Every structure is written in structure tokens, then in C-alpha cells.
There are 2 protein chains.
Amino acid sequence: MDAQATPAPERRSRGRPRKTADERDDGNRRQALLRAAARLFRQQGFAATSTRDIAAAVGMRSGSPFYHFENKEALLAAVMEEGMQRALRHQRERMDAAVAAAPGPLSASECLRVLVRGHFDNLLGPESDHIPVMLYEWRWLAPQPKRVVSELMAEYEAVWVPVLQALRREGALRGDTALARLLIFGALNWTAQWYDPEGPTTLDGLTEAALQLFVKDME
Amino acid sequence: MDAQATPAPERRSRGRPRKTADERDDGNRRQALLRAAARLFRQQGFAATSTRDIAAAVGMRSGSPFYHFENKEALLAAVMEEGMQRALRHQRERMDAAVAAAPGPLSASECLRVLVRGHFDNLLGPESDHIPVMLYEWRWLAPQPKRVVSELMAEYEAVWVPVLQALRREGALRGDTALARLLIFGALNWTAQWYDPEGPTTLDGLTEAALQLFVKDME
DNA sequence: CCTACCGATCGGTAGG
DNA sequence: CCTACCGATCGGTAGG
């Protein structure tokens, strides 16, 4: 069964047109794989997505993703790490922009609004597959990248802590702030399950709904 | 490769001890499969759990689950349907008990407390694998059971609607109640990702934290 | 990055 | 419910 008549490896011209130099070898093939992996891991989950699916999505053959990534887990790790890096950058940019635009210092609830709105961008905006993958496919991450991504997540969440504590001092938030933070992130992260960008609610509207729910004494 | 010398099917005595009459044929084998499936689907996800894993968990051979269930999807559907039926029953019992125990009528925030506390039982209590499976493996459910389970979920959520509307009338909740409900369920459902029953927080404590976060003007 | 594989595993079935 | 399978698919690799 193994041995069979193999046709001579004749040099037939490829079906697909040859790629020009700047389409190839950019390392943008790697980027294309990452984007496709993020989308498919989100749609179907890590376990149900084959490396063949990912290869096909970018026009490669089944073995080729392994030229760019050591294995399937490494692809997942790269998706999550890139997602978290981008989310962190976006969080910083939004916060800096809000501080720069405000006439005076930002109130704690204004800070929270900026953080929540930015989180919705990271979670639900365009090119936002990476973060839902990180949240919902976490169990498949190998121990080593798990530590790396955990630290990035801690960094992301650390920005929220003083904001929540300030709200608590104002009386706009009650109870344990650590539990409040976990519950708030739950409410926000769960939107990835039901939010429809085509629906009537905008990300700004969603942000207001969240603030009305979490923060007391809002004018 | 297919044809090979098959040893005569001699009647050798089984390695496992024979089961007594009341251990067998109860339909409790079906129940055992459901429990094992719920646990494994929760731990590893639907796609990564093999029917062999489930069979082995209850001491069956690889083909035997298909004597009880038509296919793997039917097992998942049964886990979710049973989980939702039990959750609904538990919700009704808790609510009835609270009404019976109270001296007067229940306030809206007292109602919400009962609902939240019961939801944590359904999600995090003992024998609570079914509901997290339903929440997190939803995408694998076939269209027909999806309709069935959807209706059960709608029934479960419908109990919350008048409670949230009453809170809104009191001023204890602001903004759109439909959005508030989705955000609240998100906060509650996400606890399945991080809550540790061995940790310092009890389900009662978690309930209080949730009510402090969601409900304004709590004494 | 493709070709041509391999060994392992999986859902499911026929027949008893 | 077990035995003994099957066809399909999967992650990954050697060699170019």
C-alpha cells in the first residue's frame, strides 16, 4: 500500500501565477497566517480549526504553515501575544489622547469611560479577533506563552485598579474592588458572545449602558 | 492488511467483575454517560473531547456510547437540555422558597438577590458542569436542539425581566434594561472562568458583590 | 514554500 | 453493551 508508482517529478508550470517580489518574503505571509488563524480560531475554536484550514485561507498548502510556525500551539501563542500587545498600545493611546483633550484632570468616571470604550474597541472593533481568541481559547495555550500573556493581561488590568479605587473612595462604587473588577470584566468580555456590530447599539451606546450599570451617582 | 488471522472467539471470562442486576440496565448508564460528558466537555471543550474519553470515563468500550446516543452531538444536546431543565427547576424552587419564607412581599432587589444566588448555584455549585457547557460550547449544538435550548433559556431569562424593570422604576437601575440584563448575565456567566470554590469568596459573598455593583441605593 | 508522505486518532458501524 | 473494524482527518516532517 505504501509503495506505489510515482510519476516522474516533471517540472510542470504552476497553476497559480508567480508572485512578484514584493508580494513574497515580506514576512507578510506570516502576518497573513496570523490574521487567518485569529479569525478561524475565533469562529471555530482552536481545537476544531485545522492547520490546513489556516493554510487554505491564505492560499498555502497544508505543510507550509510549519515553515513559519513551529506548530499549531505556536500559532495560537503568536495570535494571543500580538493581540495583547495591540490592546495594550490601544489602551495607552486612548488614555493619553483623553488626558490631552480634556481641559482639566480626568475624573475617575471619565477615566473608566475611556477604559471601557477602549476595551470594546479591542474586543469588538475591526481586526479584533485576537482578544476573543485569547479570552475563549486560553486553555490551549502552552505554559510558557501562558506566562508571557498573563503578564501582559496583568499590565492591562493594572491600569483599571486605581480608577476603580478612586470610584470607591467617591462612593460611586461599593464593595470589594477586586471582585468588582472581575465582575466588570465579565460583563464587558461577554459582549463578544452577543454584540452585533450590524445591530442598533453602537460601541458608544454600549459604553454608556455599562457605565450606567456600574457607576452610582452619574449625572 | 484487512484480512488477518482472527483467533476463534473463545468465551473467555471477563476481566471486570459481572455487574449485579440493579447496577445495570437502570438507564443509569445513560446518566453516567451524561455526567461524564458534561464534566469532560467542560474541562476540554466539545471538539477536543473524544467519545472514547467519555466511554472510558464510565468504563465502557469505544463503540458503546453510540448504543445510548445517536452521535456525539446528541450527547451534547442532552447535556445542555438536562442542564437547562435543572436550572429552571432550581430557579423556581429558590424563588418559591424565598416568597414563602418572607414576612411580606419581596422587594425587587431581594428578588434579584435570589435570582443571582440561584444562578451562581446553577453555574458554580456541585454538579454544575452542564450550564458552563451550554454557555461555552453553544456553537457545537445542532440547529434543532438549539431551538429547544434557546426556548428554555428564554424562559429562564424571562423571570429576570420584570425584576429589572421594577428596579428601574425605583431608580435602582438606570439605562436600557435589555442591555443591563445582557451585561449582568455577562458578569455572572464569566465567573465560571475564574471562580474558585476553594478560594476565600463564598457564593453568598459573590452574590453580595454582584448586587453592590449592579443595584444603586442599597442600604 | 510545495510535494508526498506518515502514524495517530477520531466518529461511527455491523454483527453479535 | 463488546469486538473488530472502516474511512476520514489531523499535526507534523523529509527533502527539495
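These numbers come from a predicted model, not from an experiment. Proteins come first, then strands; the chains are lettered A, B, ... in the order of their sequence lines, and each starts at number 1. We use all heavy atoms of the structure for the numbers below, so side chains are in, but hydrogens, waters and symmetry mates are not.
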For the pair A:F41 and A:W140, evaluate ring-ring contact (aromatic ring centres under 6.0 Å, His included) and give the outcome as yes or no after the intermediate values.
CA-CA 11 Å; A:F41 287 160; A:W140 303 117; over 10 Å; no

Taking B:E137 for the side chain and B:F46 for the main chain, is one N or O donor matched with an acceptor at less than 3.5 Å?
yes

Full working for salt bridge (Lys or Arg N to Asp or Glu O under 4.0 Å) between B:R94 and B:D121
CA-CA 10 Å; B:R94 273 224 173 231; B:D121 274 338; 2.7 Å; yes

Give me the residues of residues 62-83 of chain A where at least one heavy atom lies under 4.0 Å from an atom of DNA chain C, by number, or none.
A:S64, A:Y67, A:H68

For residues A:Y156 and A:N122, is any side-chain donor paired with an opposing acceptor at under 3.5 Å?
yes

Range-with-range stems of DNA chain D (Watson-Crick or G-U pairs under 3.5 Å, three or more in a row):
C:1-16 with D:1-16

Answer yes or no: is there a donor N or O on one side and an acceptor on the other, between the side chain of B:R30 and the main chain of B:F69, under 3.5 Å?
no

Mind checking what makes salt bridge (Lys or Arg N to Asp or Glu O under 4.0 Å) contact with A:E127, not counting sequence neighbours?
none

Residue list, side-chain hydrogen bond (donor to acceptor under 3.5 Å, both in side chains) with B:E93, at least two apart or on another chain:
none

Under a 3.5 Å cutoff, is there a donor and acceptor pairing between the side chains of B:E82 and B:Q31?
yes

When you measure from every atom of DNA chain C, which of residues 43-56 of chain A have a heavy atom less than 4.0 Å away?
A:R52

Just how far, in rounded Å, is P of D:dC10 from CH2 of A:W140?
15 Å

Expected output: side-chain A:T207 to main-chain A:L203 donor-acceptor under 3.5 Å
yes

Identify, with sequence neighbours excluded, every residue that meets side-chain hydrogen bond (donor to acceptor under 3.5 Å, both in side chains) alongside A:D96.
none

Would you say A:R61 reaches C:dC1's phosphate, i.e. side-chain N/O to OP1/OP2 under 4.0 Å?
no

What is the separation between atom CE on B:M60 and atom C1' on C:dG11, rounded to the nearest whole Å?
16 Å

